[in-house]
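Bear in mind the structure is a predicted one, so any value in this text is a computation, not a measurement.
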Amino acid sequence: MKKTFFLYLIGAAAGLSLLIGCASTSSKTADDYAALYSAMVQANTRTQLLSRHNNYSTNTISIHDTHGTLQTQAYGFDRLYHYVQSDAVYEIQDYSSFGNETTIDEVLYTTTDKYWNIHKADGTEKKIASWYAMTDKEIPDYQESLDFSSPIGDGKDSGEHIVATKDNKNGTMSIVTNAPATSATDIENIPDAWRDATVEYTYLVDTQTLELQKLTVVICTKKERINFIEETVTYDASAPQEYESMRTFAQKDIFKPAEHTRTVTVVYNPGTSAEERFSKTGNTAYGISPIPRKGYKGYKDPAGTIPFNGSDGKSDVIIYALPATSK
């Protein structure tokens, strides 16, 4: 799971970073730092932040500089944005500089479903809704936790550890951590030149609550420091218009009565005493994508001889779900 970050250039002038290479461990004990790191991570979980705020957003941008698109390719996005409320997370995944068919994905995660708005390079868009093809009691075991949107992810298992701290004398403190580039969770595609590098995270947090305000991430090689990704965190902000549009799509547009609709049905264990059916009807202007139970594969026929690989998006469709081990 990726963290998100904001550029806060502390640098050598603040006494935290060397000109080349990352900050080194201070005289604090490893136990002191481990406890502080755990407390910072816990203070910035989605649950904790929403207990103090109505909402928050994180806006992450990969740096474009003399290294060209190296940082963007390594991070996997030009921009990653989250707007977080108690019952939903709205996400923007921006790949505009990658030259792909898809330039931007908008995703709305709710407690019951997922919704996408896929932006193509040719200017067209396609909205898709998913639903859990199962009983309501089963859904909680299949849902992705919305906690992926926490501003700080726990990098302890990836080797992230505190190496320095600084009281900024203004109600904030800076906490600097290091992690090996080869295991850092924020590097999706590691360049060969970074394999021996260290990733330096500088967290600017509230001294009392440890609530994250800003963060910068730098790649430290033996020869240079490379600004990697930047993030801003905003609390109790107005919802972006795109979020409101996605909520309208999810709550009203796709499943409201329309002139042209289609029904998608998932049939588990067809022709047996354990057969179950789950259906969803929606507007043909949008895609409908079922999320099946684990351990099942979809087929076009009850016997499971023709794999299901999609439909025309306009007609009613039945997906026969058989246990994967039976085929």
Side-chain angles (χ1 to χ4, degrees), residues 1-10 16 33-63 71 75-94 106-110 144-162 165-166 168 171-179 184-188 199-218 227-240 242-243:
M1 202 63 63
K2 291 185 180 296
K3 299 186 199 134
T4 51
F5 311 92
F6 178 83
L7 180 63
Y8 183 66
L9 294 178
I10 296 176
L16 289 176
Y33 276 161
L36 177 59
Y37 181 82
S38 295
M40 179 180 69
V41 170
Q42 179 60 32
N44 287 278
T45 64
R46 173 177 165 274
T47 300
Q48 286 296 316
L49 292 179
L50 291 178
S51 72
R52 301 190 294 269
H53 300 280
N54 293 325
N55 61 70
Y56 64 88
S57 66
T58 61
N59 189 44
T60 311
I61 300 174
S62 58
I63 305 301
Q71 295 95 314
Y75 182 51
F77 304 97
D78 289 291
R79 175 181 179 235
L80 185 63
Y81 170 86
H82 293 113
Y83 176 76
V84 184
Q85 291 189 328
S86 60
D87 63 342
V89 175
Y90 169 70
E91 180 179 72
I92 297 175
Q93 304 171 3
D94 188 338
E106 295 178 79
V107 189
L108 179 66
Y109 303 85
T110 73
E144 289 184 22
S145 169
L146 298 183
D147 290 342
F148 71 85
S149 58
S150 299
I152 297 177
D154 192 346
K156 180 177 61 178
D157 292 341
S158 299
E160 185 179 1
H161 60 282
I162 295 177
T165 62
K166 180 177 183 289
N168 297 316
T172 69
M173 68 184 298
S174 299
I175 299 175
V176 182
T177 69
N178 284 177
T185 58
D186 314 290
I187 301 178
E188 185 73 18
V199 182
E200 177 185 278
Y201 303 98
T202 302
Y203 301 87
L204 181 69
V205 301
D206 181 277
T207 303
Q208 297 299 317
T209 66
L210 297 180
E211 187 174 281
L212 182 66
Q213 296 184 9
K214 302 176 181 179
L215 183 60
T216 180
V217 184
V218 175
N227 293 328
F228 182 32
I229 48 181
E230 309 170 350
E231 182 212 38
T232 56
V233 183
T234 304
Y235 299 98
D236 299 311
S238 299
E242 297 89 345
Y243 167 79

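No hydrogens or angles considered: nothing links the side chains of Tyr83 and Glu242 as a donor-acceptor pair under 3.5 Å. In summary, the side chains of Tyr203 and Asn44 do not present any donor paired with an acceptor at a separation below 3.5 Å, with no hydrogens or angles considered. Between the side chains of Ser174 and Asn168, at least one donor-acceptor pair of N or O atoms lies under 3.5 Å.
With rounding to the nearest 0.5 Å, the separation of CE in Met173 from CG in Asp206 is 10.5 Å. Atoms OH and CG, on Tyr235 and Leu50 in that order, are 10.0 Å from each other to the nearest 0.5 Å. Here the straight-line distance linking atom CG of Asn55 with atom CD of Gln85 works out to 5.5 Å at 0.5 Å rounding. Thr58 contributes atom OG1, which lies 6.5 Å from atom CG of Leu80 (distance to the nearest 0.5 angstrom). The distance from atom OG of Ser62 to atom CG of Asp186, rounded to the nearest 0.5 Å, is 12.0 Å. Rounding to the nearest 0.5 angstrom, the gap separating the CG atom in Asp78 from the CD atom in Gln93 is 12.0 Å.
A heavy-atom distance below 4.5 Å is found between the side chains of His161 and Asn178. Taking the side chain as every heavy atom from C-beta outward, Leu210 and Leu36 approach each other to under 4.5 Å. Side-chain contact check for Thr47 versus Asp147: some heavy-atom pair is nearer than 4.5 Å. By the 4.5 Å heavy-atom criterion applied to side chains, Phe77 and Asp94 are not counted as neighbours. Within the 4.5 Å cutoff, the side chain of Tyr37 has heavy atoms near those of the Asp154 side chain. Side-chain atoms of Tyr56 and Arg46, non-hydrogen and from C-beta on, do get closer than 4.5 Å to each other.
Among all heavy-atom pairs drawn from Asn54 and Asp236, the shortest one is N-OD1, 2.7 Å. Shown here for Leu146 and Thr110, the closest heavy-atom pair between the two residues is CD2-O, 4.4 Å.
Looking only at distances, no side-chain donor or acceptor of Ser158 sits under 3.5 Å from a matching main-chain atom of Ala184. Under a 3.5 Å cut-off, the side chain of Thr165 and the backbone N or O of Ile175 do not form any donor-acceptor pair. Side-chain N or O atoms of Ser38 include none that pairs as donor or acceptor with a backbone N or O of Ala35 at under 3.5 Å. Proximity of a side-chain donor or acceptor of Glu160 to a complementary backbone N or O of Thr177 within less than 3.5 Å is not detected.
Classified by interplanar angle (parallel below 30°, tilted 30° to 60°, perpendicular above 60°), the ring pair Tyr243/Tyr90 is perpendicular.
None of Ser149, Ser150, Pro151 except one satisfies the side chain to side chain contact (heavy atoms under 4.5 Å, CB included) rule with Leu49; the exception is Pro151.
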